[in-house]
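Notes follow once the structure below has been shown.
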Amino acid sequence: MSRLALCAGSFDPLTNGHVAIIGRGLRLFDRIHIAVSVNIRKTSLFTLDERIAMVLEAFDHDPRVTASSFEGLLAKYASDLGAVAILRGLRGPSDFEYELQMAHMNRHLTPELDTVFLPGEAAGSYISSSLVKEVATLGGDVSELVPTNVYAALRAKLAARP
Ligand code: COA
């Protein structure tokens, strides 16, 4: 039986922190589906389609990694896809309280679905998509913080801005 985990987030853009969690998740699960969320509370730099394409390209179109956009309840989306778990990365203690709350709520909504936490890379504990965008916008070097294709897309996107 193929075991699917769902990894959700805004991924605006995907960072090496996400890549590490997904890559390590692939050792635990047969397949990982990346659910790129439509988050109206966040202003995005990349479109949903661009974010999905960047994720698939970063994993070299590995057939074990699929992606789509999603709106609504994550627990329902995961359950509809047949996922057995929601995969989350914990960058540090400050992530834990919020993540635990979400895990409990998602389990309340879909009891058969568990949340699996993986510790993020120690060296990447300070990375977030917003910070990467901010630093890149201000001319800082983020080449070591994101996959090569994301770095190229960031540069192109920022260069095309008025
Ligand atoms: N490495 C690097 N960065 C990481 C990371 C990691 N391992 N884990 C998280 N981050 C960053 C993300 O890039 C993101 O940065 P940003 O805020 O600058 O965009 C930030 O940490 C927060 O990540 P996350 O908690 O995954 O937020 P998100 O907005 O990317 O996704 C959802 C949140 C989609 C998972 C959540 O809102 C959700 O489940 N929504 C669906 C609605 C729902 O079901 N609600 C009930 C929940 S119980």
Side-chain angles (χ1 to χ4, degrees), residues 2-39 41-42 44-46 48 50-62 64-79 81-110 112-136 142-151 153-154:
S2 159
R3 295 176 77 76
L4 172 74
L6 192 85
C7 185
S10 306
F11 302 106
D12 186 45
L14 179 81
T15 70
N16 284 342
H18 297 126
V19 170
I21 295 296
I22 298 162
R24 284 161 55 207
L26 283 170
R27 294 192 215 138
L28 302 175
F29 299 98
D30 300 305
R31 293 180 296 125
I32 295 194
H33 187 82
I34 312 298
V36 181
S37 80
V38 177
N39 191 337
R41 279 174 292 168
K42 288 186 178 177
S44 50
L45 179 64
F46 292 98
L48 286 167
E50 286 170 335
R51 285 181 256 163
I52 290 169
M54 281 191 284
V55 167
L56 297 177
E57 202 185 331
F59 283 91
D60 229 356
H61 299 276
D62 183 331
R64 296 173 301 162
V65 180
T66 50
S68 65
S69 61
F70 95 104
E71 261 183 290
L73 278 179
L74 181 63
K76 180 173 183 331
Y77 193 67
S79 164
L81 287 175
V84 294
I86 291 174
L87 178 66
R88 302 289 293 166
L90 292 178
R91 288 166 298 175
S94 59
D95 277 349
F96 185 67
E97 208 167 320
Y98 168 67
E99 291 293 340
L100 190 63
Q101 209 181 352
M102 285 214 298
H104 283 313
M105 179 58 86
N106 282 327
R107 192 134 176 271
H108 165 78
L109 295 168
T110 316
E112 67 277 12
L113 190 70
D114 245 307
T115 297
V116 171
F117 295 122
L118 289 181
E121 303 298 296
S125 58
Y126 59 93
I127 306 177
S128 75
S129 300
S130 302
L131 214 47
V132 162
K133 282 183 288 191
E134 182 179 324
V135 171
V142 295
S143 58
E144 288 179 14
L145 308 181
V146 294
T148 321
N149 67 305
V150 172
Y151 182 62
L154 255 177

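What you see is a predicted model; the values in this text were computed from it and never measured.
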Which heavy-atom pair separates G25 from L118 by the least distance, and what is that distance?
N-CD1, 4.0 Å
Give a yes or no on this: more than 12 heavy atoms of other residues, nucleotides or ligands lie within 6.0 Å of atom CD of E97.
no
Contact check, side chains of I52 and V55, non-hydrogen atoms, under 4.5 Å:
no
For the backbone of M54 and the side chain of N149, can you confirm whether one donor and one acceptor N or O come within less than 3.5 Å of each other?
yes
Once the angle between the rings of F11 and H18 is folded into 0 to 90°, is it parallel (under 30°), tilted (30 to 60°) or perpendicular (over 60°)?
perpendicular
For the student: nearest non-hydrogen atoms of S10 and V36, plus distance
O-CG1, 3.7 Å
Would you say that C7 contacts H33 through its side chain, given a criterion of any heavy-atom pair below 4.5 Å between the two side chains?
no
Here the pair of heavy atoms bringing P147 nearest to V19 is CG-CG2, 3.6 Å
Gap separating the OG atom of S129 from the CG atom of L45, nearest 0.5 angstrom
10.5 Å
For E121 and R24: C-alpha separation, side-chain torsions, deciding distance, then whether salt bridge (Lys or Arg N to Asp or Glu O under 4.0 Å) applies.
CA-CA 11 Å; E121 303 298 296; R24 284 161 55 207; 2.9 Å; yes
Rounded distance (nearest 0.5 Å) linking atom CZ of R51 with atom CD1 of I34
13.5 Å
Under the salt bridge (Lys or Arg N to Asp or Glu O under 4.0 Å) criterion, do R64 and D30 qualify, and how do the steps go?
CA-CA 7 Å; R64 296 173 301 162; D30 300 305; over 6 Å; no
Is any side-chain heavy atom of F70 closer than 4.5 Å to a side-chain heavy atom of L81?
no
Please lay out, stage by stage, how I86 and L74 fare under the test side-chain contact (heavy atoms from CB on, under 4.5 Å).
CA-CA 9 Å; I86 291 174; L74 181 63; 4.0 Å; yes
Could you measure the distance from the CZ atom of F46 to the NZ atom of K133? Nearest 0.5 Å is fine.
8.5 Å
Shortest non-hydrogen contact from L6 toward A78:
CD2-CB, 3.7 Å
Step by step, would you call L131 with I127 a side-chain contact (heavy atoms from CB on, under 4.5 Å)?
CA-CA 7 Å; L131 214 47; I127 306 177; over 6 Å; no
V142 and V132: side-chain contact (heavy atoms from CB on, under 4.5 Å), yes or no, with the steps?
CA-CA 6 Å; V142 295; V132 162; 4.3 Å; yes
Please answer whether the main-chain N or O of E144 pairs with a side-chain N or O of N16 as donor and acceptor at a distance below 3.5 Å.
yes
Gap between atom OG of S44 and atom CD of E50 - 0.5 Å precision:
9.0 Å
Checking side-chain contact (heavy atoms from CB on, under 4.5 Å) for the pair I22/L14: CA distance, chi angles, key distance, verdict?
CA-CA 11 Å; I22 298 162; L14 179 81; 4.3 Å; yes
Locate the shortest heavy-atom distance separating R107 from L113; write the atom from each residue and the value.
CD-O, 3.8 Å
Just wondering, more than 12 heavy atoms not from H108 lying within 6.0 Å of its NE2?
no
State which residue, out of H104, R91, R88, fulfils the side-chain hydrogen bond (donor to acceptor under 3.5 Å, both in side chains) condition with E99.
R88
Closest approach of A35 and Y77, non-hydrogen atoms and distance?
CB-CE2, 4.0 Å
Going from CD1 on I32 to OG1 on T66, what distance comes out if it is rounded to the nearest 0.5 angstrom?
9.5 Å
So, D60 side chain and D62 main chain: donor-acceptor pair closer than 3.5 Å or not?
no
From CD (E112) to OG (S79), nearest 0.5 Å:
5.0 Å
Does a side-chain heavy-atom distance below 4.5 Å link L87 with I21?
yes
